[in-house]
Amino acid sequence: MRYITSMAQIIDGKAIAAEIRAELRKDVEAFKATGHREPHLTAILVGNDQASETYVRMKMNAAQDVGISSETRRLPATTSEHELLDIIDTLNKDESVDGILVQLPVPDHMNERKVCNAIVCEKDVDGFNVFNVGRMCLDMKSMIPATPLGVIELLKRAGIDTFGKNAVVVGRSKNVSMPIAMLMHADGRNETGAMDATVTICHRFTPPKELAKYCSMADIIITATGVPGLITKEMVKPGACVIDVGITRITDPNTGKTKLVGDVDFEEVRQVAGYITPVPGGVGPMTVAMLMHNTFTAAKNLAKINKS
């Protein structure tokens, strides 16, 4: 089984993401060699949230790495929703733009759903437009959100068997946990190439004893709550695969420095789990890689549409 060390059995998301980016680099070069322009991604950042700045910078660096041109539109927090929607509309009509993303969260005076739905499906590389979400839920080909797609790709490339397995998804966010649950349970014979698992969804109103019960029966646990240390050693069945999507910045009581942690008590859970993703270095790099994958897919699809 590749990317999993024999002792720690850690699924190295950073290494797998690097492999995907290398593949994309070759694919983009081949695409351009046939006469197409390089794919283009435009990110819109409203306000000056430092975490959002960091995420957008990582995405733009990844785009450059794989040969995708990119730009970041920085707008003040005072930008009105109407102004943002006008910018999105202009980008929708711009044939030189293949992918559009609005970095979330947007300021409180904007309707996030309205903003996401304003991006046309063909350029919706985040996969948040309601029509893309609907097609995914119907197991039809669509733009799949990058983090859920990254989780599925991690499982596939690490060789984790999901067919008929019991999976627990901890969390119910509409952009991450819900798509993960849909992709985990859907029929692998259909267009999304899903995972055929039996899925249980738990969330903040699942009583702790019930959460522990469901997790302890799971062959695969995927957690995305942002609650540090939520998944403990006692909750994990020996040999289970644990995918940690959660990410929280905390202060280390021993050093006083901040660090990133996931939902899983990593050092304890790795003693019983068969496979585990670290934080950082697990799902995070995969999210960025799959966003690049979506952008290239959008470019190919739009090239076909424009040609016809």
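The residues of the chain are indexed from 1 along the displayed sequence. Computation of the quantities below employed the complete heavy-atom set of this structure, encompassing side-chain atoms and omitting hydrogens, waters and symmetry-equivalent molecules. On a predicted model such as this, the values are computed, not experimentally measured, just so you know.
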Test item: [X] side-chain N/O and [Y] main-chain N/O as donor-acceptor pair under 3.5 Å:
X    : Y    : answer
R135 : K141 : yes
N117 : N129 : no
T147 : V176 : no
N92  : A118 : yes
T248 : G226 : yes
Q50  : N48  : yes
D89  : L85  : no
D196 : G164 : no
T162 : M195 : yes
E71  : L41  : no

Minimum side-chain heavy-atom gap [X]-[Y] below 4.5 Å:
X    : Y    : value
I222 : V168 : no
P105 : S52  : yes
I276 : V264 : yes
I88  : D86  : no
I152 : T192 : no
K32  : R37  : no
T258 : I250 : no
F128 : V115 : no

On a heavy-atom basis, which atom in [X] and which in [Y] lie closest, and how many Å separate them?
X    : Y    : value
C215 : V170 : SG-CG2, 4.2 Å
V242 : A273 : CG2-CB, 4.0 Å
V133 : G127 : CG2-O, 3.6 Å
D263 : G246 : OD1-CA, 3.5 Å
A43  : V56  : CB-CG1, 4.2 Å
A167 : A197 : CB-CB, 4.2 Å

Hydrophobic clusters here meaning ILVMFWY residues chained together by side-chain heavy-atom distances under 4.5 Å, can you tell me if [X] and [Y] are in one?
X    : Y    : result
V66  : M143 : no
M286 : V125 : yes
V28  : M60  : yes
M110 : L75  : yes
I119 : L302 : no

If I take atom [atom1] from residue [X] and atom [atom2] from residue [Y], how far apart are they, to the nearest 0.5 angstrom?
X    : Y    : atom1 : atom2 : value
F266 : T277 : CZ    : OG1   : 8.0 Å
L138 : E191 : CG    : CD    : 10.5 Å
I144 : H293 : CD1   : NE2   : 8.0 Å
N306 : E95  : CG    : CD    : 5.0 Å
D126 : N175 : CG    : CG    : 8.0 Å
R57  : Q103 : CZ    : CD    : 11.5 Å

Does [X] come within less than 4.0 Å of [Y], counting only side-chain N to carboxylate O?
X    : Y    : result
D98  : K123 : no
K237 : D219 : yes
E267 : R270 : yes
D252 : K259 : yes
K213 : E210 : yes

Side-chain donor-acceptor contact under 3.5 Å, [X] with [Y]:
X    : Y    : result
S69  : H40  : yes
D94  : S96  : yes
T232 : D265 : no

Using the ring of each side chain (for Trp, its six-membered ring), is H36 parallel, tilted or perpendicular to F31, with breaks at 30° and 60°?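 Rings of H36 and F31: parallel, as their planes differ by under 30°.
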
Has H109 got more than 12 heavy atoms of other residues, nucleotides or ligands less than 6.0 Å from its NE2?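 Correct, the count exceeds 12.
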
Is it the case that atom CD in Q271 sees more than 12 heavy atoms from other parts of the structure closer than 6.0 Å?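 More than 12 heavy atoms, drawn from other residues, nucleotides or ligands, come within 6.0 Å of this atom.
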
Would you mind writing out the side-chain donor-acceptor pairs for residues 178-190 within the sub-3.5 Å range, not counting sequence neighbours?
residue: H185; atom: ND1; partner: A181; partner atom: O; Å: 3.3
residue: H185; atom: ND1; partner: M182; partner atom: O; Å: 3.1
residue: D187; atom: OD1; partner: R189; partner atom: N; Å: 2.9
residue: D187; atom: OD1; partner: R189; partner atom: NE; Å: 3.1
residue: D187; atom: OD2; partner: R189; partner atom: NE; Å: 3.2
residue: D187; atom: OD2; partner: R189; partner atom: NH2; Å: 2.8
residue: N190; atom: ND2; partner: D139; partner atom: OD2; Å: 3.0

Side chain to side chain contact (heavy atoms under 4.5 Å, CB included) between L154 and V283, worked out: CA-CA 8 Å; L154 267 183; V283 176; 4.0 Å; yes

Given M292, which partner from the list L24, I20, D65 fulfils the side chain to side chain contact (heavy atoms under 4.5 Å, CB included) test?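 Output: one option passes, namely L24.
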
For I44, the option from T72, L91, L101 that meets side chain to side chain contact (heavy atoms under 4.5 Å, CB included):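 Of T72, L91, L101, side chain to side chain contact (heavy atoms under 4.5 Å, CB included) with I44 is met by L91 alone.
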
Worked verdict on V46 versus L84 for side chain to side chain contact (heavy atoms under 4.5 Å, CB included): CA-CA 9 Å; V46 187; L84 175 58; 4.3 Å; yes

When you look at E23 and R157, which way does the salt bridge (Lys or Arg N to Asp or Glu O under 4.0 Å) test go after all the steps? CA-CA 13 Å; E23 293 168 359; R157 295 204 181 212; 2.9 Å; yes

For F163 and D161, what are the C-alpha separation, side-chain angles and deciding distance, and is it a side chain to side chain contact (heavy atoms under 4.5 Å, CB included)? CA-CA 6 Å; F163 189 89; D161 185 19; 3.8 Å; yes

Please evaluate residues E81 and N111 with respect to the criterion side chain to side chain contact (heavy atoms under 4.5 Å, CB included), reporting the C-alpha separation (whole Å), side-chain torsions for both, the decisive distance (0.1 Å), and the verdict. CA-CA 8 Å; E81 180 180 270; N111 183 306; 3.4 Å; yes

